[in-house]
Amino acid sequence: MQYTHRTVQEYVAAKKRGDRATTDRIVREVTARFDTRTTDGSEAAELLDATYDVVRFGEGA
């Protein structure tokens, strides 16, 4: 899948290599932007899609 948000691209790469600290940080950052309405919500929606696309930590490129 093609992701347009840099943070989501970083999230997918971190999840594939099993980097939980980075994935947790990205989720916190995206959630904070969504909660404070400093984003239109597309970043959070794309992050959710990525979470379902890459199911297991450390499985991937």
Restricting to non-hydrogen atoms, name the atom on F34 and the atom on A44 that form the minimum distance, rounded to 0.1 Å.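 In terms of heavy atoms, the two residues are closest at CD1-CB, 4.2 Å.
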
Each residue besides L48 in its hydrophobic cluster should be listed here, by chain and number; the cluster joins Ile, Leu, Val, Met, Phe, Trp and Tyr at side-chain heavy-atom distances under 4.5 Å.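 Grouped by the 4.5 Å side-chain rule, Y52 form the rest of the cluster around L48.
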
Mind checking who shares a hydrophobic cluster with Y11, ILVMFWY linked at side-chain heavy-atom distances under 4.5 Å?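 M1, Y3, V8, V12, I26, V27, V30, L47, V54, which link up through side-chain heavy atoms under 4.5 Å apart, make up the rest of the cluster.
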
Does the side chain of E43 pick up a donor-acceptor pair with the side chain of T7 at under 3.5 Å?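 Yes.
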
According to salt bridge (Lys or Arg N to Asp or Glu O under 4.0 Å), does anything in residues 45-54 pair up with another residue at least two apart or in another chain? List the pairs.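 For residues 45-54: none.
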
For [X], side chain to side chain donor-acceptor pair (under 3.5 Å) partners two or more places apart:
| X | answer |
| --- | --- |
| D35 | none |
| R37 | none |
| T22 | D19 |
| E10 | R6 |

Interatomic distance, R17 atom CZ to F57 atom CZ [nearest 0.5 angstrom]: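 It comes to 11.0 Å.
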
Those residues that, when tested against T38, pass side chain to side chain contact (heavy atoms under 4.5 Å, CB included) (two or more places apart):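 Scan of T38 (side chain to side chain contact (heavy atoms under 4.5 Å, CB included), adjacent residues dropped) gives R33, T36.
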
Under the rule for salt bridge (Lys or Arg N to Asp or Glu O under 4.0 Å), what residues qualify as partners of R28, not counting sequence neighbours?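 Applying salt bridge (Lys or Arg N to Asp or Glu O under 4.0 Å) to R28 gives none.
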
